[in-house]
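Count residues from 1 along the sequence.
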Amino acid sequence: MTYRAPVSEYQFIFDHIVDFATVLETDSFAEIDADTVQAILNEAANLTSNVIAPLDRGGDVTPATLVDGVVKTSPGFGDALTQVAEGGWIGMLAEPENGGMGLPLTVATAVNEMMSGACLSLSLYPLMTQGQIEALEHHASDEIKALYLPKLISGEWCGTMNLTESGAGSDVGALRTKATRNDDGSYAITGQKIFITWGDNDFSENVCHLVLARLPDGVEGTKGISLFMVPKVIPNADGTLGEANSLSVVSLEHKLGIHGSPTCVMAYEGAKGWLVGREHEGMKCMFTMMNNARLGVGVQGVGVAEAATQKALAYAEDRVQGASPIGREGGSILDHADVRRMVATMRAETFVARCLSLACGVALDRGRLDPDQQARGAFLIPIAKAFSTDIGHEVAQTGVQVHGGMGYIEETGAAQYARDARITSIYEGTNGIQAMDLVGRKLMDGGDAAFALLDEIEAFAEEARAVLPRRAIAVWNAAETLREGVETMLALPMNDRFAGAVPFLRAFARVLGGHYHLKAAIAEGGEGKHSRLAAFYIKRMLPEHTALLAQARLGSADVYALSSEDLTA
């Protein structure tokens, strides 16, 4: 079985859960209608299901390699990515005046999820370029925009982000890459970067690197960092390619998963670069694209969860082991209560993560014109990134368990999802950092964004009591408990908040999940597959929020009471 893009599920969530119609009603997207969106989703489904998904296994067993300094990509990747570019998918979010589609982020989020579910390794290529396009649109000079944007949007050139160094991971401000001013207005970039996703390939005409570096007069820390465009091949003024730049791929990282994605160690030896934004404001430029990038990583988790669930369900439906405990003739292991529980959990969690990601997209789309929605999108970002990627990993691991011993055998493909998903909880800000952001910066408004969400959850639950009273009451009570949790968190010193940040974020996601499942059940009138899944989630999974909040409010004393000697076996 191969991956099948869940288009009907996106449409259901657009119509009944996240109120996507409000996005199309804004002036920002007045020229896009629901029929256009449906056609885009159908076309993306055809591409991802029929062109990209068949390459997923090959990318794992025949990974990218480095031969004599040249990256050789997995078989078929170049041809598939050419189709991605020709379809306009790389420029989904780019402004139409620059040659892009100008689609809502919500729609692009659904498309990026499909690509991630089809082949995570391959999907990282367009995601990197999309991020670079956004940074250039907001911060680059007119000259850089005119030279680079048409080529990036068309897919002739591709983009990367160069942030991380061996001594500067989460602490980006500790980087040591240097920049010096050249007489011609350009800069010379010298240093080494690691973990550079799709740092090179053998099919793009040019690879354009956005590199963080420090000028001689740049202060220590993040405030002294500048951002530079450093192309692999220096373009001429007319966009044709000139001489090779002074940069190289040192090696490819040997990774647990996403083998088809060439993750490079990059060396810059006085490479020529051009300033993006102002000197010493590189992090400001990078933060412009951070929300979308984190949401993009979040839906990678959703995509892997969807693919793993599809594979586990197909296996469970076909595998016969023992007599059916419910007496079904020709029954499979799906008849066994624990297997049914595992697959139902996978489906219920994937639904929540997808709703959360699309709700975040809607808020950010509406936030172009509405400050309250902008604040909501910013609040949801760390939850969407952390919860969705945690769920991608957990669902993939459960998929291995559903397969039993066969899940541990690589040929089934179940283990690949577990290996591929693991990185998503780490890159683009570890999930611990996302949780700290949630209880730190995202509560600096005194909890206004959090309380606004909880007000909506409780108001909907009140209305839903007339149709599904028990489920509605459970969701309302959970929201009220979470409200008390937010108030408690606001009263704690910051490091005490950090000690409980991860369970707090998961508790918030649990309650949002109850809300989304309740809305789905009401949309079906209390009858149907979404309603039955909602009953499963609200009865069995929503109650976890109570224990999570109990952990979140404890503070840090018991954590620091344990010394390193105490932690030694």
Side-chain angles (χ1 to χ4, degrees), residues 1 3-4 6 9 12 117 301-356 387-409 412-415 417-418 421-422 468 470-471 474-475 478 503 506-507 509-521 524 526-548:
M1 174 193 170
Y3 169 82
R4 177 185 53 81
E9 194 76 347
F12 178 84
V302 184
V304 174
E306 175 63 41
T309 301
Q310 290 184 19
K311 182 173 282 293
L313 176 59
Y315 181 83
E317 287 177 324
D318 289 342
R319 173 66 168 162
V320 176
Q321 185 76 18
S324 169
I326 58 177
R328 185 164 67 98
E329 185 177 349
S332 67
I333 63 170
L334 192 61
D335 290 352
H336 295 276
D338 188 56
V339 175
R340 187 73 63 97
R341 176 196 61 80
M342 286 192 287
V343 177
T345 298
M346 296 169 76
R347 177 53 64 202
E349 294 280 51
T350 302
F351 180 81
V352 172
R354 179 176 290 124
C355 289
L356 180 54
F387 178 77
S388 298
T389 55
D390 279 348
I391 289 309
H393 172 61
E394 292 170 18
V395 165
Q397 292 287 351
T398 303
V400 173
Q401 192 71 18
V402 170
H403 282 76
M406 293 304 296
Y408 204 66
I409 304 301
T412 64
Y417 292 129
R422 190 62 189 88
L468 297 169
R470 291 185 179 178
R471 279 177 258 180
V475 172
R506 178 58 73 99
R510 272 283 167 262
V511 176
L512 285 168
H515 174 58
Y516 299 143
H517 274 291
L518 180 62
K519 291 188 78 171
E524 290 185 332
E527 297 290 340
K529 70 173 188 177
H530 288 100
S531 182
R532 290 186 288 274
L533 194 64
F536 176 87
Y537 180 93
I538 291 170
K539 290 177 181 179
R540 291 177 176 267
M541 301 171 72
L542 178 61
E544 292 175 7
H545 80 280
T546 304
L548 290 164

Open item on the list: Is the shortest side-chain heavy-atom distance between P6 and R354 below 4.5 Å?
Closed with: yes

Throw together a table of side-chain donor-acceptor distances under 3.5 angstrom for residues 387-394, partners on residues two or more places apart or in other chains.
from	atom 1	to	atom 2	distance (Å)
S388	OG	A384	O	2.8
T389	OG1	K385	O	2.7
T389	OG1	A386	O	3.2
T389	OG1	N431	OD1	3.4
T389	OG1	N431	ND2	2.9
D390	OD1	S425	OG	3.3
D390	OD1	N431	ND2	2.8
E394	OE2	R506	NH2	2.8

TODO: Write down the atom of L334, the atom of L313, and the distance for their closest heavy-atom approach.
DONE: CD2-CD1, 3.9 Å

Task: Donor-acceptor pair, side chain of H517 and main chain of G514, under 3.5 angstrom - done: no

Can you give each donor-acceptor pair under 3.5 Å made by side-chain atoms of residues 528-538, sequence neighbours left out, with the distance rounded to 0.1 Å?
from	atom 1	to	atom 2	distance (Å)
H530	ND1	E524	OE2	3.0
H530	NE2	E9	OE1	3.2
H530	NE2	E9	OE2	3.3
S531	OG	R471	NH1	3.2
S531	OG	G526	O	2.9
Y537	OH	R510	O	2.9
Y537	OH	R510	NH1	3.2

Task: Criterion side-chain contact (heavy atoms from CB on, under 4.5 Å) on M541 and E349, from CA distance to verdict - done: CA-CA 9 Å; M541 301 171 72; E349 294 280 51; 3.2 Å; yes

- [ ] Could you pull out the closest heavy-atom pair between G407 and T412, with the gap in Å?
- [x] CA-OG1, 4.1 Å

Open item on the list: Nearest 0.5 Å, please: how far is OH in Y417 from OG1 in T398?
Closed with: 15.0 Å

TODO: Classify the side-chain pair Q401/Q397 by whether it contains a donor and acceptor separated by less than 3.5 Å.
DONE: no

Task: side chain to side chain donor-acceptor pair (under 3.5 Å) partners of R341, counting only residues at least two apart - done: D338

Task: Sequence neighbours excluded, every pair satisfying ring-ring contact (aromatic ring centres under 6.0 Å, His included) that has a member inside residues 301-339 - done: Y315-H403

- [ ] Please report the closest heavy-atom contact between V400 and A418, naming both atoms and the distance.
- [x] CG2-CB, 4.2 Å

TODO: Looking only at non-hydrogen atoms, find the nearest pair between A521 and L468 and report the distance.
DONE: CB-CD1, 3.6 Å

Task: Heavy-atom pair of closest approach, residues F351 and Y516 - done: CE2-O, 3.9 Å

Task: Contact summary for A312 and G399, nearest pair of heavy atoms - done: CB-CA, 4.1 Å

Open item on the list: Nearest 0.5 angstrom please: M342 CE to T345 OG1, how far?
Closed with: 9.0 Å

Open item on the list: I'd like to know if R347 and E306 make a salt bridge, using a cut-off of under 4.0 Å between side-chain N and carboxylate O.
Closed with: yes

Task: side chain to side chain donor-acceptor pair (under 3.5 Å) partners of residues 321-332, not counting sequence neighbours, each pair once - done: R319-Q321, S324-D335, R328-D335

